[in-house]
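Below is one structure, written out as C-alpha cells; the observations come after it.
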Amino acid sequence: MDFELSDDQRAFRETLRAFVDKEILPVATEWEHSGRYPTEIVDKMKEMGLFGLTVPEEYGGLAADMVTFALVFEEIARGWMGVAGTIGSHTLSTWMIARHGTEEQKRRYLPELASGARRTGLALTEPGAGTDLQGIQARAVRDGGDYVVNGAKTWITNARHADPLPVLVKTSITEPAHKGMSVLLVDAGAPGFTVGRDLPKLGYKGPETCEVTLQDVRVPVANLLGGEEGRGMQQVLGGLEMGRINIAARAVGVAQAAYDAALGYARERSAFGRPIADFQAIQLKLADLATEIQAARLLTYWAAARADGGARVDMEAGMAKYFASEVALRASLESMRVHGAYGYSQEFVVERLYRDAPLMAIGEGTNDVQRLVIAKALISGKRKVGW
C-alpha cells in the first residue's frame with residue numbers, strides 16, 4: 001500500500017501549482033467579481049495540453065492516469081474553481097468520445113479537442129430533468145441519413161465554445177426508458193441549434209453556463225456516438241463516474257484554499273494582544289479542517305487509483321464526491337468564521353470559496369443521489385467496506 005505520488009505525478013503537480021500561483025491566483029478575485037472570462041488562462045491551459053487530459057496519445061492527448069487527472073482539478077480549483085469548469089465537462093466529453101466513439105469520430109474530433117483548437121461540453125440536464133435523466137424530453141427522429149432533434153437543455157458549461165456538443169436524446173420511446181437513449185455529437189453552427197442566455201449563478205463564475213435550444217436540428221447519423229442507438233445512458237453513466245472524481249478533486253481544492261486562508265489569517269490577525277492562532281477555539285477549527293481535508297483528499301485519490309485499475313467505481317467515486325463536497329462546504333464556512341467580518345468581505349478570497357462550494361454538492365448528481373448509489377452497491381453485495 002503506497003500513499004505517495006509517483007515522481008512523474010509529483011513533478012506534474014509542481015508544474016500545475018506554479019501555474020496556478022503565477023497565472024490564476026493574482027487575477028482570480030478581480031476577474032471573478034467582474035464576470036471577466038478567463039481567456040488568457042484558458043490559452044495557457046491549451047499550451048500545457050490540459051484539454052487533452054483524457055485523450056489517448058495517438059490522437060495527440062496526454063492520456064493522463066486518473067490520479068493525475070484528479071491532481072489537475074484539485075490544483076486549479078485551489079486557485080479558481082470556475083477555471084476548472086472550463087476543462088471539467090470538456091474532459092468528460094473527450095473521455096466519452098475516446099472510450100465509446102467510432103474510429104471515424106475519434107479521428108475527426110479528438111486531435112483538435114486535445115489541443116484546445118476545439119472545445120466541448122456535455123448536454124444532459126433539461127428544465128424538467130436533472131437527476132432523473134431518464135425523464136429527458138429531447139427527441140431525435142431518424143430521417144434518412146440524419147436525425148432531426150428537438151428539445152432544450154440547461155446548465156450547459158462551455159455551451160458557447162462547444163464544437164461538437166454531445167447531447168443526450170431519446171432516439172426511441174421504450175420501457176425501460178434508458179434503452180431508447182443515445183448521445184448525438186451536435187456540431188456548432190448547425191441550423192436550429194441555439195445557445196441562449198447565460199444563467200445567473202451564486203458562484204462558479206468564469207465559464208459560461210447556458211440554456212441550449214434544438215429546433216429541427218439535423219444531425220448526421222455518422223454523429224451518433226459509437227454508431228449504435230440505445231447506448232447513451234450507459235455511455236453517460238460511465239463518464240459521470242469520472243466526472244464525480246473531477247468534482248471531488250475540485251472540492252478538495254476549494255477546501256484546501258479555505259484552510260490556507262484561515263491558517264494564514266489566524267497567524268496574522270491579533271486580538272487581546274496576541275495572534276488569534278494562539279487561541280484554542282481557532283486551533284480546534286484548524287485541526288478539524290486539516291483532518292477532514294486530508295481525509296477527503298485520500299478518499300478522492302483512492303477512487304482515482306481504483307479507476308486506474310480498470311474497476312467500476314460508482315460507489316468509490318460517489319463516496320469521494322459526497323464526502324469531499326461536504327468538506328468543502330464546511331471548510332469555506334469555518335474559514336469565514338475564522339476571518340470574522342473580513343470573511344464576509346469581497347476583498348478576501350473566502351467569500352468566493354463560500355459561493356463556489358455548494359456547486360460540488362449538487363453537480364454530477366446531488367449528494368443524496370450519491371448516498372443512494374453507495375447504499376445500493378453495498379446492499380447488493382457488489383461492493384463492501386473493509387478488508
Side-chain angles (χ1 to χ4, degrees), residues 89 92-106 109 120-156 164-186 190 193 212-244 307 310-315 317-318 363-366 368-377 379-383:
S89 56
L92 195 161
S93 178
T94 56
W95 181 91
M96 287 173 53
I97 295 172
R99 175 67 64 92
H100 301 293
T102 65
E103 186 56 38
E104 191 276 333
Q105 290 166 351
K106 295 175 186 178
Y109 293 121
T120 186
L122 186 59
L124 304 180
T125 301
E126 297 185 0
T131 297
D132 178 19
L133 286 178
Q134 294 191 72
I136 66 169
Q137 298 298 309
R139 187 82 166 88
V141 178
R142 180 77 177 263
D143 181 24
D146 295 331
Y147 288 99
V148 179
V149 184
N150 285 280
K153 298 290 181 177
T154 192
W155 296 108
I156 310 305
L165 178 65
V167 179
L168 184 66
V169 298
K170 287 184 176 177
T171 44
S172 62
I173 304 301
T174 63
E175 288 294 339
H178 68 84
K179 291 188 176 181
M181 300 171 73
S182 305
V183 173
L184 295 177
L185 305 175
V186 180
F193 175 74
V212 171
T213 303
L214 302 103
Q215 185 172 359
D216 294 329
V217 178
R218 300 191 77 89
V219 179
V221 171
N223 284 29
L224 172 65
L225 184 63
E228 182 181 350
E229 290 188 6
R231 304 300 298 273
M233 193 65 162
Q234 178 185 6
Q235 294 164 348
V236 164
L237 291 179
L240 287 177
E241 289 182 16
M242 185 200 69
R244 285 163 185 161
R312 187 178 180 192
V313 292
D314 53 339
M315 185 190 79
E364 310 290 41
T366 66
D368 285 341
V369 168
Q370 306 313 312
R371 293 160 70 193
L372 292 173
V373 169
I374 295 164
K376 288 177 181 178
I379 293 168
S380 70
K382 295 178 180 178
R383 300 287 192 281

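On a predicted model such as this, the values are computed, not experimentally measured, just so you know.
- For the side chain to side chain contact (heavy atoms under 4.5 Å, CB included) test, residues two or more places apart in sequence or in another chain that qualify with Val373 are Asp314, Val369.
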Inset, instruction - Quick one: do Val169 and Tyr147 satisfy side-chain contact (heavy atoms from CB on, under 4.5 Å)? Show the steps, please. - result: CA-CA 11 Å; Val169 298; Tyr147 288 99; over 6 Å; no

Identify every side-chain donor-acceptor pair in residues 175-185 under 3.5 Å, counting partners at least two apart or on other chains, and give the distances.
{"residue": "Ser182", "atom": "OG", "partner": "Thr171", "partner atom": "OG1", "Å": "2.7"}
{"residue": "Ser182", "atom": "OG", "partner": "Gly230", "partner atom": "N", "Å": "3.0"}

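- Among all heavy-atom pairs drawn from Pro164 and Pro166, the shortest one is O-CD, 3.6 Å.
- With sequence neighbours excluded, the residues forming a side chain to side chain contact (heavy atoms under 4.5 Å, CB included) with Val141 are Arg139, listed by chain and number.
- When the salt bridge (charged side-chain N to carboxylate O under 4.0 Å, His left out) test is applied to Arg218, the partners found at least two apart in sequence or on another chain are Asp143, Asp146.
- Residues in residues 219-242 take part in these salt bridge (Lys or Arg N to Asp or Glu O under 4.0 Å) pairs, two or more places apart or across chains: Glu228-Arg231, Glu241-Arg312.
- Atom CD of Glu104 has more than 12 heavy atoms from other residues, nucleotides or ligands within 6.0 Å.
- Listed by first and then second residue, the side chain to side chain donor-acceptor pair (under 3.5 Å) pairs involving residues 124-138 are Glu126-Lys153 (not counting sequence neighbours).
- Side-chain contact check for Tyr109 versus Thr120: every heavy-atom pair is 4.5 Å or farther apart.
- Listed by chain and number, the residues in a side chain to side chain contact (heavy atoms under 4.5 Å, CB included) with Ser172 are Thr174 (sequence neighbours excluded).
- Between the CD1 atom in Ile136 and the NZ atom in Lys170 there is a gap of 6.0 Å [rounded to 0.5 Å].
- From Thr102, atom OG1 reaches atom CD1 of Ile97 across 10.0 Å, with rounding to the nearest 0.5 Å.
- When all heavy atoms are compared, the tightest approach of Ala190 to Val217 is CB-CG1, 3.9 Å.
- Of all heavy-atom pairs spanning Asn150 and Asp216, the tightest one is OD1-N, 2.8 Å.
- When atom types are taken as modelled, the side chain of Arg383 and the backbone of Ile374 share no donor-acceptor pair closer than 3.5 angstrom.
- Distance check, rounded to the nearest 0.5 Å: NZ of Lys382 to NZ of Lys376 gives 11.0 Å.
- Gln235 places no side-chain N or O within 3.5 Å of a backbone atom of His100 that could act as its donor or acceptor partner.
- Between Gly144 and Val221, the shortest heavy-atom distance links the atoms O-CG2, 4.1 Å.
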Inset, instruction - Please assess Val149 against Val186 for the test side-chain contact (heavy atoms from CB on, under 4.5 Å), listing each intermediate value before the final yes or no. - result: CA-CA 10 Å; Val149 184; Val186 180; 5.6 Å; no

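- By the side chain to side chain contact (heavy atoms under 4.5 Å, CB included) test, Ser89 is found to be paired with Thr157, Asn158, residues two or more places apart in sequence or in another chain being considered.
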